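Input: a single structure, listed below in structure tokens.
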Amino acid sequence: MVNSVFFTMSSMSYRILQLLLLFISSVYAASDVDWWESATLYQIYPRSFMDSDGDGVGDLNGITSRLPFLKEIGVTATWLSPIFESPMADMGYDVTNFTKIEPLFGTMEDFDAMVAKAHELGLKIILDFVPNHSSDECEWFQKSIRREDGYDDFYTWGDAKIDPQTGERMPPSNWRSLFEGQGWTWNEQRQQYYFHHFLAKQPDFNLRNPMVRQHLIEVMKFWLDRGVDAFRIDAVPHFFEKRFENGTYPDEEVSGMTNDTTSFLYYTHKYTMNQPENAEILYEWREFLDEYQQQHGGDTRATVGEAYAPIGVLSDYISNGTDVGLQLTMNFNFIQLRDTTTAKDVERLANDWMDVMWTKHKQANWVVGNHDNSRPATRIGEQRADMMTIIAHAMPGTSVTYYGDEIGMTDYDAECTWASCDFRDPERTPMQWDSTTNAGFSKGNSTWLPVNSNYKSLNVQRQRGVARSTLYIYKAMTALKKSVAFKSFKEEGGFAYEALTEQVFQIIRTAPNVEEYRVLANFGGQMEYLDGLTNKTMEYVVLNSYSPHRYGDKVDLSKRIYLMPYEAVVLRWVA
Ligand SMILES: *[C@@H]1O[C@H](CO)[C@@H](O)[C@H](O)[C@H]1NC(C)=O
Ligand SMILES: *[C@@H]1O[C@H](CO)[C@@H](O)[C@H](O)[C@H]1NC(C)=O
Ligand SMILES: *[C@@H]1O[C@H](CO)[C@@H](O)[C@H](O)[C@H]1NC(C)=O
Ligand SMILES: *[C@@H]1O[C@H](CO)[C@@H](O)[C@H](O)[C@H]1NC(C)=O
Ligand SMILES: *[C@@H]1O[C@H](CO)[C@@H](O)[C@H](O)[C@H]1NC(C)=O
Ligand SMILES: *[C@@H]1O[C@H](CO)[C@@H](O)[C@H](O)[C@H]1NC(C)=O
Ligand SMILES: CC(=O)N[C@H]1CO[C@H](CO)[C@@H](O)[C@@H]1O
Ligand SMILES: [Ca+2]
Ligand SMILES: [Ca+2]
């Protein structure tokens with residue numbers, strides 16, 4: 001009797017201990033992992049997400065009407081590509097007024113309504129911040145041309161040089177533009193050249209000028225006051241250019257990479273990219289944002305940087321040891337994945353990031369697709385698209401999804417026949433909501449880009465509630481991302497990943513003594529077997545369509561197990 005009571009007590013206290021551990025780890029997760037550290041980010045390309053008024057172009061009211069969908073699929077925060085007033089020479093990345101909504105997208109009232117609705121649903125809004133340049137139609141540039149008080153030095157102006165042979169006017173240096181050959185354009189009125197990294201319609205700011213920096217801080221403050229939660233900062237490597245005290249600019253050196261003198265690659269970009277001041281301005285913004293949060297309360301106002309730069313440079317954007325800058329810099333390593341990709345490639349690309357960014361900053365994020373690259377279902381292959389969704393969400397840190405990839409949309413499948421066809425249009429076609437006209441994107445007669453012809457079989461409505469559909473898998477993974485095990489990644493043993501064979505990738509996520517998840521993904525077209533992975537018996541909780549198993553099936557991992565070609569699964573063990 002005594003014994004039996006004792007026995008019951010002890011198994012009860014064991015149970016209590018378990019609950020306690022669960023409690024501790026959830027408290028731990030809640031207090032120690034900030035929202036941006038383990039988030040599900042979702043990129044909306046506003047032109048293509050949802051059209052509310054039938055003009056064939058997506059808009060803010062359209063986005064607002066679809067916010068419940070983002071909630072449904074477990075998104076934490078959504079980042080909108082630029083929605084600011086723009087002549088659209090570069091699809092909104094050429095801004096005339098940083099605090100005005102582009103009429104094509106709606107009004108400031110529409111914007112406020114969108115933010116209010118998002119917050120009501122518990123979603124965060126991230127705005128694109130484009131500080132590398134403005135449009136040449138921006139009032140600031142017009143004032144700078146006229147050398148108005150305070151605006152004289154607002155952009156990157158330089159005097160002409162004179163060609164000693166011909167006596168003709170020459171640009172201040174040999175700098176190139178990424179989009180057109182010559183980086184300098186002559187302004188007749190001001191009788192000087194201005195520099196532009198991109199189009200001539202996009203003059204680069206002179207970020208050394210404190211007034212420019214002040215203006216940009218005011219722009220951020222303007223949007224923060226309207227409830228914006230975070231910024232995605234565009235084109236960080238291109239912020240600063242080298243300028244000598246005497247106002248001249250040094251020539252770039254020949255790179256030797258190509259003999260095509262008109263190519264961007266002809267010169268090195270020692271003086272026009274990755275200048276040390278780039279990190280400094282990020283530290284300045286961080287200080288401003290942290291102060292703003294202290295004054296106004298609420299969650300961390302984060303910054304996410306877009307930068308194609310060497311990893312050491314990216315690391316400095318986050319912190320150089322004393323100063324702190326961005327919370328996240330986007331990790332584009334998985335953008336390199338192709339249809340020949342193996343598990344070993346994924347491991348190498350993951351290590352490439354983790355060895356530096358995780359080691360130094362405990363920071364990771366995984367971008368699989370975006371508005372500048374072929375969609376994952378096309379680029380990595382339809383067989384591996386769901387697998388990459390599983391992997392991007394199971395790795396520690398934050399996942400970043402480009403709209404439409406959650407249903408496995410593919411690149412536009414026909415020739416580009418419209419005027420002003422951009423090479424990136426195939427991945428920018430309208431969101432495929434349902435099987436009705438224009439895929440439910442627009443009630444208009446035509447859409448700004450054609451809808452992909454596969455929309456009747458590939459759309460949100462069809463995939464809703466279908467077990468093993470891309471959308472279902474996506475939702476399962478964003479839900480898992482909120483679990484204790486997926487949030488416990490800062491603890492010792494919280495995660496591990498490796499290529500078990502050339503083709504099989506494994507990820508382990510653990511909340512010690514509480515639960516464990518294991519992802520197994522076969523990148524290859526051959527059956528693979530694995531022996532004695534662990535002594536645990538685990539349960540299938542996520543399965544892609546290549547798996548012969550069923551939800552809830554158990555598997556003893558101490559024995560030999562098989563993976564079918566392209567099979568990807570998530571297994572769970574509970575203490
Ligand atoms: C932007 O628009 C706002 C409101 O319409 C106006 O007050 C402001 O001066 C404009 N700024 C620029 C740089 O044109
Ligand atoms: C300006 O300064 C740089 C660096 O000190 C020097 O190389 C260049 O010759 C100077 N140019 C003029 C026009 O004085
Ligand atoms: C450039 O031209 C030289 C001389 O013709 C040749 O030796 C070299 O390989 C070329 N370089 C590249 C990168 O094509
Ligand atoms: C980090 O950058 C800041 C701003 O440039 C500088 O003052 C500081 O000395 C740097 N810290 C290190 C460790 O280099
Ligand atoms: C669509 O076409 C019909 C018939 O040509 C026309 O009556 C209607 O106004 C058009 N709608 C829009 C939104 O352009
Ligand atoms: C499984 O258990 C056996 C016997 O207890 C032990 O030798 C082996 O190392 C364990 N394997 C794993 C993967 O934990
Ligand atoms: C890295 C990069 O190119 N960022 C942006 C800076 O501006 C150009 C031109 O407007 C945009 O196209 C880029 O996306
Ligand atoms: Ca519209
Ligand atoms: Ca610049």
Side-chain angles (χ1 to χ4, degrees), residues 44-66 80-88 92 94-114 129-131 133-146 148 150-151 154-155 157-164 170-174 192-193 203 205 209 211-223 225-226 241-253 270-271 430-431 433 438-449 451:
I44 288 180
Y45 195 68
R47 296 181 81 89
S48 298
F49 198 58
M50 184 68 206
D51 173 25
S52 69
D53 58 4
D55 68 354
V57 179
D59 45 52
L60 294 179
N61 287 338
I63 293 173
T64 306
S65 73
R66 294 296 191 177
L80 312 183
S81 292
I83 50 170
F84 316 111
E85 187 184 73
S86 164
M88 298 283 166
D94 47 326
V95 178
T96 44
N97 188 326
F98 290 84
T99 53
K100 215 165 161 180
I101 300 291
E102 164 60 35
L104 196 58
F105 296 134
T107 63
M108 196 57 84
E109 287 69 41
D110 299 339
F111 177 82
D112 290 342
M114 177 188 72
F129 189 52
V130 194
H133 51 257
S134 74
S135 160
D136 63 341
E137 295 173 34
C138 179
E139 195 184 302
W140 298 340
F141 188 65
Q142 295 306 318
K143 286 182 172 170
S144 195
I145 290 177
R146 297 190 296 267
E148 276 184 31
Y151 289 89
F154 222 76
Y155 291 83
W157 294 101
D159 286 329
K161 290 203 289 201
I162 302 299
D163 188 325
M170 273 172 59
S173 72
N174 63 4
Q192 267 191 317
Y193 281 93
F205 285 127
N209 182 337
M211 194 167 142
V212 175
R213 289 157 91 130
Q214 188 51 38
H215 273 63
L216 292 174
I217 292 253
E218 277 161 19
V219 168
M220 282 203 249
K221 183 169 182 309
F222 177 89
W223 293 112
D225 288 346
R226 300 199 96 89
E241 292 79 32
K242 179 87 185 158
R243 174 154 78 165
F244 290 131
E245 298 274 342
N246 59 19
T248 67
Y249 301 89
D251 277 337
E252 296 279 26
E253 291 157 13
K270 198 162 122 190
Y271 299 122
M431 177 68 180
W433 295 104
N438 297 329
F441 160 75
S442 172
K443 298 243 179 294
N445 291 334
S446 66
T447 56
W448 82 280
L449 282 184
V451 174

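Any value given below was found using the heavy atoms of this structure, including those in side chains, with hydrogens, waters and symmetry copies removed. All ligand and atom numbering here is 1-based and tracks the order in the structure. Everything numeric here is computed off the predicted structure, so don't read it as measured data.
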Check: Going by heavy atoms in the side chains, are Y193 and Y249 under 4.5 Å from each other?
Finding: no
If you look at each N/O of ligand 1, which protein N/O atoms lie under 3.5 Å away, and at what distance?
unit_1   : atom_1 : unit_2 : atom_2 : d
ligand 1 : 2 (O)  : N97    : ND2    : 2.2
ligand 1 : 11 (N) : N97    : ND2    : 3.0
ligand 1 : 14 (O) : N97    : ND2    : 3.3
ligand 1 : 14 (O) : E139   : OE1    : 3.2

Notebook entry, point to check: So, for W433 and F49, is the gap between ring centers shorter than 6.0 Å?
Noted result: yes
Item checked: Nearest heavy atoms of I162 and M170, plus distance in Å -> C-SD, 4.2 Å
Next item on the list: Under 3.0 Å from the Ca ion (ligand 8), which protein N, O or S atoms are there? Could you list them by chain and number?
Entry: D51 OD1, D53 OD1, D55 OD1, V57 O, D59 OD2
Item checked: Euclidean distance, R66 CZ relative to F441 CZ, rounded to 0.5 Å -> 10.5 Å
Margin query: Applying ring pair (Phe, Tyr, Trp, His ring centres under 6.0 Å), can you list everything that pairs with Y155, at least two apart in sequence or on another chain?
Written below: F141, F205
Item checked: Partners passing salt bridge (charged side-chain N to carboxylate O under 4.0 Å, His left out) against E85 (at least two apart in sequence or in another chain) -> K100
Next item on the list: May I ask you to list the atoms of ligand 2 that are less than 4.0 angstrom from any heavy atom of F244?
Entry: 2 (O), 3 (C), 4 (C)
Margin query: Against L104, only a single residue in D55, L60, I83 fulfils side chain to side chain contact (heavy atoms under 4.5 Å, CB included); can you say which?
Written below: D55
Notebook entry, point to check: For E102 and F84, which heavy atoms make the closest approach, and how far apart are they?
Noted result: CB-O, 3.4 Å
Item checked: Side chains of P172 and W157 in contact at under 4.5 Å (non-hydrogen atoms) -> no
Checklist line | 4.5 Å side-chain heavy-atom contact, P46 and I63 | finding: yes
